[in-house]
Each structure stands twice: as structure tokens, then as C-alpha cells.
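Working notes for the structure below.
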There are 2 protein chains.
Amino acid sequence: MKTLKIGELAGQAAVSPKAIRFYEAARVLPPPARGANGYRLYPADAVDMLRFIKQAQGLGLTLAEVKDIVAIRQGGRPPCRHVYRLLQEKARELDRKLSDLVMLRRRIRESLAAWGRRRARGAAVCPHIEAPVRPSRRRASRRG
Amino acid sequence: MKTLKIGELAGQAAVSPKAIRFYEAARVLPPPARGANGYRLYPADAVDMLRFIKQAQGLGLTLAEVKDIVAIRQGGRPPCRHVYRLLQEKARELDRKLSDLVMLRRRIRESLAAWGRRRARGAAVCPHIEAPVRPSRRRASRRG
DNA sequence: CTAAACCTTCCACCACGGTGGAAGGTCAAG
DNA sequence: CTTGACCTTCCACCGTGGTGGAAGGTTTAG
């Protein structure tokens, strides 16, 4: 089985070597084998692991939570019923978060729409950056 | 119009006075009026403002983002087209996040289900906390 | 008048999730 | 054999979103 050095793993999983060592220190990743030189040697599937971590984490899960989930996924002596409960709770929390997120998105869209209406009425939206929208003749200057 | 001292506002909005001062320093909340004694005096609707902040923030928006949104909601000289774009982008980001969240939830549920199946097969789920599930005769010791 | 409960500012510290850099060992190319 | 890219450890620091506490002024209750 081909093994990866930390830099190779980092490259393939699009994280920094630093972050990988950090995850190891945080017990999210198991400590890998070491070569005779002391270099970390990762199995190829560590890439998937890292990608999963990144995805879960990018969605608002803390590393601590990811750690527990990872432990289950790996199946080797999972941290017990406690973690099972934790995951159930997490799933419920996700449901709540989802519906809240939907509401927030609606509020944002409403704000945007309201602003659109104000512009349509010709209000001075942002005097020092762009002039009020005049009736007929769009084609505002394209300033960001 | 009745005004609130910071502690009263904090109580009604369920945040700490510290946090309120912090939001002010972070320019998320506008600096309120001051009494002759130097005390901050908030209008009653500051409560709604704080609740909105807490909700948005509790959904993964940063204070910086909340700040911009708040600026729009208040309508007084919103920070221009820039913010409009930011909110559009944010709405799209929310959509992505929503679908990712749905996927993550599914993965978690699958992990839970898989674990359930392992338990059903009688695997030693967590030897040092609860004994393997024996066929017939549930009623495991209730240790968390 | 006094004590408690507020309020003010300011500075330190916390957890989280890393990044940067120093000091040193190792490996591959020229 | 040197150079440079990599690897190792360790310690410091960053931004985010606050909290804690000191030092001092105010307001309120007894």
C-alpha cells in the first residue's frame, strides 16, 4: 500500500501540513505510522478522512464533534453510547439549524427586495458612490 | 419613549451587558444616547435588534456580516451597493450551506443506522461501559 | 450614612482553529 | 558536497466572540 508524506497528503486533501499536525494533536486524526526518519506516513485513505473532516467542519461542526463522528465512522471501538446520543442530538440540531437557516435566508431576501423597491422609488441609495436611479435610461456606471 | 439601561436591555434580550458593549465596540450596534451620568440609554427596539443579531449570528454569520445586514435593515444610509452584493452572495452561500447540511445530516443518520445494525448483530459496542446486546432480554443497565 | 447593585473604562484572558517562524534533521538533484 | 525542498518539534501569535476583574462613579434601599 502506497503511503503519503504529510506534504503529499496535504496537497491531495487541500489542507496545510500544519493543519494536519494540528488535527493529530487534537486527536481528530489518529497518529500515523512513522518512517525510520521520523516522517509521518499516511495510508491513501487519509485523504478521504481529511476531506470528510473539512466538509463536516465547514458546515459548523466543531473539531470536537467531528472527532467523535470520525471515531464512529472508523468503527474501531467507538466512544460508546455517549457518542451515539451525541450524534442523534446533532442530527436534531441540524434539523433546527436547517429551518432557521431557511428563515434567515428569507429575511435576507426580503431585505434585498425592500432595498430594490427603495431604489425603484428613486431614493438616494448611496449618494457618495452612485447617483439615484433616474427613470428611463438604466446603464448606471459600474462601480463596485 | 421609555429608555433602557444596559442591564435592563441585556436582561430583555438575553445577552450579557458585556456582550452589548462588545457589539458597540465592534460597530454592530450604534452607540446609544447617554444619560447625564454617562450611562448608556437604549430605545426599546434595541431589544429586537439584539435578538436579530443573536439569531443571525447563531446561524453561522459572523458579526462583521451581521453588521452589514443590520445596516441595511435600519435603512439609514446603507453601506451601498457593496452590501447589496454581499447579501446576494450570502443568500447564495446559505443555499449551498443548506444543501450541504442536508447531505451531512444524511451521512450522520447513515452512520447511526450502521451502528444500529452492528449492535443488532451483537457486536461488542462498548465493552467497558455496556455489555453486548443479548438476544431477548433487553433492559440494559442505564449508564450514560 | 452606608451597603449593595448598578454603571463606566480598560486590560487580561479564554476557547477555537489554526498560522508563522525558529532550530534542527533528511532527502534528491546537480 | 552543497543547495533547496522537505520533514521534525516547539512556542508564539492571530482573529473571532466574547468573559472576568480591577478601579472608580452613581443610584437606590434600608
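Below, chains carry the letters A, B, ... as their sequence lines are ordered, and counting in each starts from 1.
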Notebook entry, point to check: How many angstroms lie between CG in A:Leu41 and NZ in A:Lys2, if you round to the nearest 0.5 Å?
Noted result: 9.5 Å
Next item on the list: Taking the side chain as every heavy atom from C-beta outward, state whether B:Tyr39 and B:Ile6 have any atom pair closer than 4.5 Å.
Entry: no
Item checked: Nearest-angstrom distance from the residue atom CG of B:Leu4 to C1' of C:dC7 -> 15 Å
Margin query: Rounded to whole Å, how long is the line connecting atom CG of B:Leu9 with atom C1' of C:dC6?
Written below: 15 Å
Check: How long is the line joining CD1 of A:Ile6 and P of D:dT9, in whole Å?
Finding: 9 Å
Next item on the list: Take the protein atom CZ of B:Phe22 and the nucleotide atom P of C:dT8, then report the distance between them rounded to whole Å.
Entry: 17 Å
Notebook entry, point to check: Does B:Ser16 make a side-chain N or O approach to OP1 or OP2 of D:dG18 shorter than 4.0 Å?
Noted result: no
Notebook entry, point to check: For C:dT8, does OP1 or OP2 lie under 4.0 Å from any side-chain N or O of B:Arg40?
Noted result: yes
Check: With A:Arg92, which residues qualify under salt bridge (charged side-chain N to carboxylate O under 4.0 Å, His left out), at least two apart?
Finding: A:Glu89
Next item on the list: Please answer whether the main-chain N or O of A:Leu9 pairs with a side-chain N or O of A:Gln12 as donor and acceptor at a distance below 3.5 Å.
Entry: no
Check: salt bridge (charged side-chain N to carboxylate O under 4.0 Å, His left out): which pairs involve residues 47-56 of chain B, sequence neighbours left out?
Finding: none
Margin query: Hydrophobic clustering (ILVMFWY, side-chain heavy atoms < 4.5 Å, transitive) - are A:Met103 and B:Ile69 grouped together?
Written below: no
Next item on the list: Could you check which of C:dG17, D:dC7, D:dG18 has an atom nearest any side-chain atom of B:Tyr23?
Entry: D:dG18
Checklist line | Separation of atom CD in A:Glu8 from atom P in C:dT26, rounded to whole Å | finding: 18 Å
Next item on the list: Mark up nucleotides 22-30 of chain D, 5' to 3', with B wherever a protein heavy atom is under 4.0 angstrom from a base atom, S wherever such an atom reaches only the sugar-phosphate, and - elsewhere.
Entry: ---BBS---
Notebook entry, point to check: Counting any heavy atom closer than 4.0 Å, what does A:Arg21 reach on the DNA or RNA strands: base, sugar-phosphate only, or nothing?
Noted result: base
Check: Within this structure, what is the CG-to-P distance between A:Leu63 and C:dT19, rounded to whole angstrom?
Finding: 11 Å
Note to self: Among D:dT19, C:dT8, C:dT19, which nucleotide has an atom closest to any side-chain atom of B:Arg34?
What the structure shows: C:dT8
Check: Taking CD1 from A:Ile20 and C1' from D:dC7, how many angstroms apart are they, rounded to a whole number?
Finding: 13 Å
Notebook entry, point to check: Among A:Ile53, A:Val28, A:Leu50, which one satisfies side chain to side chain contact (heavy atoms under 4.5 Å, CB included) with A:Ile20?
Noted result: A:Leu50
Margin query: Is the phosphate of C:dG17 approached by A:Lys67 (side-chain N or O, under 4.0 Å from OP1 or OP2)?
Written below: no
Next item on the list: Nearest whole angstrom, please: distance from the C1' of D:dG17 to the CD1 of B:Ile53.
Entry: 13 Å
